[in-house]
Novice: 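Here you go, one structure.
Small disclaimer: the values here were computed from a predicted structure and weren't measured. Along the sequence shown, residues carry numbers from 1.
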Amino acid sequence: MNRPIIGITMGDGAGVGPEIIMKSLKDAQIYQTCRPFVIGDAKLLERADQFVQTGLLVRRIASVEEAKFEPGTVDCYDLNLLPADLPIGQVSKEAGHAAFMYLKQAIELANAGAIDAICTAPLNKEALHKGGHIYPGHTEILADLTGTEDFSMMLSAPKLKVIHVTTHVGILDAVRMINPERVYKVIRMAHETLQKAGYAQPKIAVCGINPHAGENGLFGYGEEDEKVVPAVKKAQEEGIQVVGPLPADTLFFRATRGDFDIVVAMYHDQGHGPIKVLGLEAGVNITVGLPIIRTSVDHGTAFDIAGKGIADDQSLKEAIKQAIELAPKREQ
């Protein structure tokens, strides 16, 4: 049986990342379907286990070849960047820098073919910036460090998948950034990603920008006709099964009902809101368009509950599952 090698980055060490990693890797079934290891700080994983009480042994490794991938053991590619007494639940430049370095190391391993996919625990954007890395988030770091220009954030939850035209920008900037070329590229990425996942002819629906998708010019200034309609028509001419622009207030309900396989959202909250209503614990973030596979939890560092041992690990387990399904097959 093929078991892809999954590198799990620890994220911000002051948040819930170490805890949910330890909880997730207590599940021996994960080791039946993949070979997971953590890229982070071993001492913080050990500290996290004081909160979650898994009883797992943390093994320090300096290369992927040293990992044993055995149930009951967490292999940690130990970068040793943070102190064992790092304040829990607080923003720090040290933790922000370390989170960046964990991801950088994972990307280098993926580019070298040492791992098959990356699964990321959450980082904190304020800490990231204080640490000297001015990125909106994981997605943009991955795109920059892999030299990727065309990429998108896809969110997956039970009964709903959403892909975004724009993400971490203000709403006025988002509207300015939306154009037919970008909308078309995201439609194509949605189509190709779902085909790789086994959908023969994915059903794609595209959101409008304005309320009621502009209602024939009643709302907005013709943004749908200018920015969205040409992209949809071009994709349809190529045989892609796509419709839109459609009103977002009813489209997401229709998608959860099964009318569509994926929704193209125009901006961050238009797509994130419906996913998170379905449950933070079940959402998975997938970066589409990269040369490497990357999945992530769809929640933040949860500083308010860090160190209490109550963080839910379901989203991380789902992210690992998605990474396994998307990862290329390799010989063992």
Side-chain angles (χ1 to χ4, degrees), residues 1-11 16-40 42 44-46 48-49 51-78 102 105-106 109-110 112-122 154-159 161 193-194 196-199 279-287 290 292-299 309 311-332:
M1 177 182 176
N2 180 275
R3 293 189 301 145
I5 300 175
I6 309 294
I8 304 171
T9 58
M10 199 177 76
V16 298
E19 297 173 50
I20 60 174
I21 287 172
M22 295 300 287
K23 280 187 175 183
S24 293
L25 296 184
K26 184 175 175 60
D27 186 348
Q29 290 186 340
I30 287 178
Y31 289 81
Q32 295 175 11
T33 53
C34 75
R35 289 174 283 173
F37 73 102
V38 182
I39 302 163
L44 292 185
L45 294 176
E46 291 169 339
D49 204 47
F51 311 134
V52 298
Q53 298 289 306
T54 67
L56 298 174
L57 172 68
V58 178
R59 290 184 65 252
R60 289 159 173 78
I61 60 175
S63 69
V64 179
E65 290 74 21
E66 294 177 23
K68 292 187 176 180
F69 308 116
E70 295 176 344
T73 299
V74 175
D75 295 300
C76 178
Y77 195 116
D78 189 16
Y102 305 151
Q105 181 65 70
L109 291 172
I115 63 178
D116 301 305
I118 298 170
C119 182
T120 59
M154 186 173 91
L155 302 179
S156 178
K159 298 185 178 181
K161 288 182 172 59
T193 299
L194 290 193
K196 289 177 183 177
Y199 294 75
L280 284 171
E281 72 283 353
V284 176
N285 184 331
I286 303 166
T287 307
L290 297 175
I292 56 181
I293 301 300
R294 178 262 175 165
T295 67
S296 177
V297 296
D298 187 34
H299 61 73
D312 195 317
D313 64 332
Q314 184 179 342
S315 182
L316 182 57
K317 284 185 177 179
E318 288 293 327
I320 293 171
K321 179 181 176 182
Q322 292 281 345
I324 293 167
E325 292 180 358
L326 294 171
K329 303 296 183 286
R330 71 156 71 205
E331 295 294 327
Q332 285 188 221

Novice: Report the distance from atom CG of Leu316 to atom NZ of Lys23, rounding to the nearest 0.5 Å.
Specialist: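 Between atom CG of Leu316 and atom NZ of Lys23 there are 11.5 Å.
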Novice: Taking all non-hydrogen atoms of both residues into account, name the closest pair between Val284 and Ser315 and its distance.
Specialist: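 Reported closest heavy-atom pair: CG2-O, 4.1 Å.
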Novice: Under a 3.5 Å distance rule, please check whether Arg59 uses its side chain to pair with a backbone N or O of Ala67 as donor and acceptor.
Specialist: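 No, the answer is negative, given that no donor and acceptor are paired below the 3.5 Å cut-off.
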Novice: With sequence neighbours left out, write down each residue that passes salt bridge (charged side-chain N to carboxylate O under 4.0 Å, His left out) with Lys317, or none if nothing qualifies.
Specialist: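 Testing Lys317 for salt bridge (charged side-chain N to carboxylate O under 4.0 Å, His left out), a comparison that skips the adjacent residues, returns Asp27, Asp313.
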Novice: Any side-chain heavy atom of Asp312 sitting closer than 4.5 Å to one from His299?
Specialist: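 Heavy-atom side-chain distance check fails, nothing below 4.5 Å.
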Novice: Apply side chain to side chain donor-acceptor pair (under 3.5 Å) to Thr193 and list each qualifying residue two or more places apart in sequence or on a separate chain.
Specialist: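 Scan of Thr193 (side chain to side chain donor-acceptor pair (under 3.5 Å), adjacent residues dropped) gives none.
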Novice: For Ala121 and Ile21, which heavy atoms make the closest approach, and how far apart are they?
Specialist: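 Minimum heavy-atom contact is CB-CD1, 4.2 Å.
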Novice: Could you give the distance from CD1 (Ile286) to CG (Leu155), rounded to the nearest 0.5 Å?
Specialist: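 Separation between the atoms: 8.5 Å.
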Novice: Between Ile5 and Leu109, is a side-chain contact (heavy atoms from CB on, under 4.5 Å) present by the stated rule, with each step listed?
Specialist: CA-CA 11 Å; Ile5 300 175; Leu109 291 172; over 6 Å; no
Novice: For Glu46, check side chain to side chain donor-acceptor pair (under 3.5 Å) against everything at least two apart and list the hits.
Specialist: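 Expected list: Arg60.
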Novice: Is the closest side-chain heavy-atom distance between Ile293 and Asp116 below 4.5 Å?
Specialist: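 No, their side chains stay 4.5 Å or more apart.
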Novice: To the nearest 0.5 Å, tell me how far Cys119 SG sits from Ile324 CD1.
Specialist: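 CD1 of Ile324 is found 9.0 Å from SG of Cys119.
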Novice: Answer yes or no: is there a donor N or O on one side and an acceptor on the other, between the side chain of Thr120 and the main chain of Thr9, under 3.5 Å?
Specialist: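 The answer is no, because no donor-acceptor pair under 3.5 Å joins these two groups.
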Novice: Test of understanding: with side-chain contact (heavy atoms from CB on, under 4.5 Å), list the residues that count as partners of Glu66, not counting sequence neighbours.
Specialist: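 By the side-chain contact (heavy atoms from CB on, under 4.5 Å) rule, Glu66 matches Ile61, Ala62, Ser63.
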Novice: With side chains defined as the heavy atoms from C-beta onward, is the minimum distance between Val74 and Thr54 less than 4.5 Å?
Specialist: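 Side-chain contact under 4.5 Å: no.
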Novice: For the residue pair Pro122 and Ile20, establish whether any side-chain heavy-atom pair is separated by less than 4.5 Å.
Specialist: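 Result yes, sub-4.5 Å side-chain heavy-atom pair found.
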Novice: Which residues pass the side chain to side chain donor-acceptor pair (under 3.5 Å) test with Asn285, sequence neighbours left out?
Specialist: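 Here no residue qualifies.
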Novice: How about Ile320 and Pro36: do any of their side-chain heavy atoms sit closer than 4.5 Å?
Specialist: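 Ile320 vs Pro36: side chains apart.
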Novice: Report yes if some heavy atom in the side chain of Val58 is under 4.5 Å from a heavy atom in the side chain of Met22; otherwise report no.
Specialist: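 A side-chain contact under 4.5 Å exists here.
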Novice: To the nearest 0.5 Å, how far apart are SG in Cys34 and CD1 in Ile6?
Specialist: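 The distance works out to 5.0 Å.
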Novice: Looking only at heavy atoms, which two atoms of Met10 and Tyr102 are closest? And how far apart?
Specialist: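 Minimum heavy-atom separation between Met10 and Tyr102: CE-OH, 3.4 Å.
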Novice: Quick one: OG1 on Thr295 to CE on Met154, what's the gap to the nearest 0.5 Å?
Specialist: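 That separation rounds to 10.5 Å.
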Novice: Classify the ring geometry of Phe37 against Tyr77: parallel below 30°, tilted from 30° to 60°, perpendicular beyond 60°.
Specialist: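 Judged by the thresholds at 30° and 60°, the geometry between Phe37 and Tyr77 is tilted.
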Novice: Which pair of non-hydrogen atoms, one from Gly309 and one from Val52, has the smallest distance, and what is that distance?
Specialist: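 Heavy atoms of Gly309 and Val52 come nearest at CA-CG1, 3.9 Å.
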Novice: How close do Ala110 and Ile292 get, heavy atom to heavy atom, and via which atoms?
Specialist: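 Closest approach of Ala110 to Ile292: CB-CG2, 3.7 Å.
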Novice: Sequence neighbours excluded, which residues qualify as side chain to side chain donor-acceptor pair (under 3.5 Å) partners of Thr287?
Specialist: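 Residues passing side chain to side chain donor-acceptor pair (under 3.5 Å) with Thr287: Arg294.
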Novice: Starting from the C-alpha separation in whole Å, work towards a yes-or-no answer on side-chain contact (heavy atoms from CB on, under 4.5 Å) for Val64 and Phe69.
Specialist: CA-CA 10 Å; Val64 179; Phe69 308 116; 4.3 Å; yes
Novice: Just by modelled atom types, is the Gly55 backbone N or O under 3.5 Å from a matching donor or acceptor in the Asp49 side chain?
Specialist: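 Yes, because the side chain of Asp49 sits within donor-acceptor range (under 3.5 Å) of the backbone of Gly55.
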Novice: Restricting to non-hydrogen atoms, name the atom on Ile39 and the atom on Gly7 that form the minimum distance, rounded to 0.1 Å.
Specialist: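 Where Ile39 meets Gly7 most closely, the heavy atoms are CD1-CA, 4.4 Å.
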